[in-house]
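Take a look at the structure below.
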Amino acid sequence: MQKTYILGIESSCDDTSAAVICNGKVLSNVIANQEVHSKYGGVIPELASRAHQQNIVPVVQQALEKANIRKEDLSAIAFTRGPGLMGSLLVGTSFAKSLALGLAIPLIDVNHMQAHILAHFILEEGSTIPPFPFICLTISGGHTQIVKVSDHFDMEILGETIDDAVGEAFDKSAKILGLPYPGGPLIDKHAQLGNPKAYSFTKPKVGDLDFSFSGLKTGILYFIQKKQRLNPHFIKENLNDICASIQNTIVEILMDKLKNTVSQTGIKHIAIAGGVSANSEIRKRLVTAQQHFGWTTYIPKFEYTTDNAAMIAITGYLKYLNGSYADQTISAKARLKVTE
Ligand code: KG4
Ligand code: ZN
């Protein structure tokens, strides 16, 4: 079988990543996280662009070295076109265009949100690829969507957030608790030691398959302020229980919407994607949903949940097989729907 090597480049937010995929299998997936943002409590776009510019060449070199190939062996270059921070996207886009031009090989633009979903098509020992149609709950720092996936590039949004993304709900709650950015993984960590029923927060009432998280964040803020007036050490003394209760509320909101989706569509193949799919509680609930509700669930490998270039490379590979290339006039796009 002919070997097709795709280099994927991801630079949409604050992770610079490069990966090499050969015929659907990951040979390397290098990620440089940008520590610089944690002290500011969120991503500072200008610092992110600068760090991408510093990281991109060494990260790509490492990805090629780990894959044990030369750049001349590459079949195509895939890059994140959007959505994301414009300054960050421009670094990866310009780099990919130049490299593809220099090597005279195809250039392939990738939609970051499609890539989170298509990470499920990476060929790995022991993993099962979801059959079409399936439902994907896409949960990240910028998005919360229920997507019906009828084919690799035939997707329909069935529901989405009307305000904050679920990752923001985690990160903003963490900020209220004084935890550094990104707070999602820290809430997860503390939650594992706490009682999920210790406190209850009002779940939003939003129609059909849509989500809303801004009210929850405000509810948590008021709850904490009230408790702190009585006991200034409330957060410190109850951190694990608070985190477990917040996480439990968020995960219940997600599971309720998935149940509605299954009853409306009849589709029982359920996948999750995006940074928040790293959350241990949502992963646990989806495993038990197999026995409880008869769903077949698809949970990505941990390293393909948060932003990574392997998902860009697999999407590039699927587009390569279709001959779906970009030309050198393509530009980055900060806003891009999963259906575009
Ligand atoms: O997909 P991603 O890496 O970047 C975007 O495209 O947004 O998602 C990042 C988000 C952040 O909000 C982060 O706090 C959240 O994913 N996250 C988690 C966990 N790991 C990452 N949230 C909850 N539990 C986790 N274990
Ligand atoms: Zn992402």
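We use all heavy atoms of the structure for the numbers below, so side chains are in, but hydrogens, waters and symmetry mates are not. Read the numbers this way: they start at 1 and go in the same order the structure lists the ligands and their atoms.
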For ligand 1, which atoms, with element, lie under 4.0 Å from some heavy atom of [X]?
{"X": "T306", "answer": "3 (O), 21 (C)"}
{"X": "G142", "answer": "7 (O)"}
{"X": "G167", "answer": "12 (O)"}
{"X": "A278", "answer": "20 (N), 26 (N)"}
{"X": "G275", "answer": "1 (O), 2 (P), 8 (O), 16 (O), 17 (N), 18 (C), 19 (C), 20 (N), 21 (C)"}
{"X": "D188", "answer": "24 (N), 25 (C), 26 (N)"}
{"X": "G141", "answer": "5 (C), 7 (O), 8 (O), 9 (C), 10 (C), 12 (O)"}

Subject >> Closest non-hydrogen atom pair between L89 and K333, with its separation >> reply: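 Smallest heavy-atom distance, with atoms named: CD1-O, 3.6 Å.
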Side-chain donor or acceptor of [X] paired with backbone N/O of [Y] under 3.5 Å:
{"X": "S11", "Y": "S88", "value": "yes"}
{"X": "D15", "Y": "C13", "value": "no"}
{"X": "D171", "Y": "G184", "value": "yes"}

For ligand 1, is there an atom lying under 4.0 Å from some heavy atom of [X]?
{"X": "C13", "value": "no"}
{"X": "H143", "value": "no"}
{"X": "H112", "value": "yes"}

**OP:** Name the option, out of S277, P185, A191, A273, that contains the heavy atom nearest to atom 19 (C) of ligand 1.
**Re:**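 Shortest heavy-atom distance from atom 19 (C) of ligand 1: P185.
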Where on [X] is there a heavy atom closer than 4.0 Å to ligand 1, on the side chain, on the backbone, on both, or on neither?
{"X": "H116", "value": "side chain"}
{"X": "D307", "value": "both"}
{"X": "N279", "value": "both"}

Original post:
Do other residues, nucleotides or ligands put more than 12 heavy atoms under 6.0 Å from Q328 CD?
Top reply: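 Yes, CD of Q328 has more than 12 neighbouring heavy atoms, counting only those of other groups under 6.0 Å.
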**OP:** Count the heavy atoms belonging to other residues, nucleotides or ligands that lie under 6.0 Å from NZ of K203, then report whether that count exceeds 12.
**Re:**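 Yes, the 6.0 Å shell around NZ holds more than 12 heavy atoms from other groups.
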What protein heavy atom lies closest to [atom]? Include the residue and the distance to one decimal.
{"atom": "atom 15 (C) of ligand 1", "answer": "V276 CG2, 3.9 Å"}
{"atom": "atom 22 (N) of ligand 1", "answer": "G184 CA, 3.5 Å"}
{"atom": "atom 14 (O) of ligand 1", "answer": "D171 OD1, 2.6 Å"}

Does a donor on one side chain sit under 3.5 Å from an acceptor on the other, for [X] and [Y]?
{"X": "E10", "Y": "H112", "answer": "yes"}
{"X": "D163", "Y": "S212", "answer": "yes"}
{"X": "H233", "Y": "N238", "answer": "no"}

Subject >> N/O/S from H143 sitting under 2.8 Å away from the Zn ion (ligand 2) >> reply: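 Not a single backbone or side-chain N, O or S atom of H143 is under 2.8 Å from the Zn ion (ligand 2).
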Original post:
Quick check: does H116 have an N/O/S atom under 2.8 Å of the Zn ion (ligand 2)?
Top reply: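 So H116 counts as coordinating the Zn ion (ligand 2), yes.
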Subject >> Test side chain to side chain donor-acceptor pair (under 3.5 Å) applied to E303 and N29, step by step >> reply: CA-CA 9 Å; E303 56 261 48; N29 183 33; over 6 Å; no
Original post:
Which atom, counting only N, O or S, brings D307 closest to the Zn ion (ligand 2)?
Top reply: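 Result for D307 and the Zn ion (ligand 2): OD1.
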Original post:
Between Y298 and Y304, does the ring centroid distance fall short of 6.0 Å?
Top reply: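 Distance test on ring centres: not under 6.0 Å, no.
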Subject >> Residue of the set L64, V57, V59 for which side chain to side chain contact (heavy atoms under 4.5 Å, CB included) holds with Q61 >> reply: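 One option only clears the test, and that one is V57.
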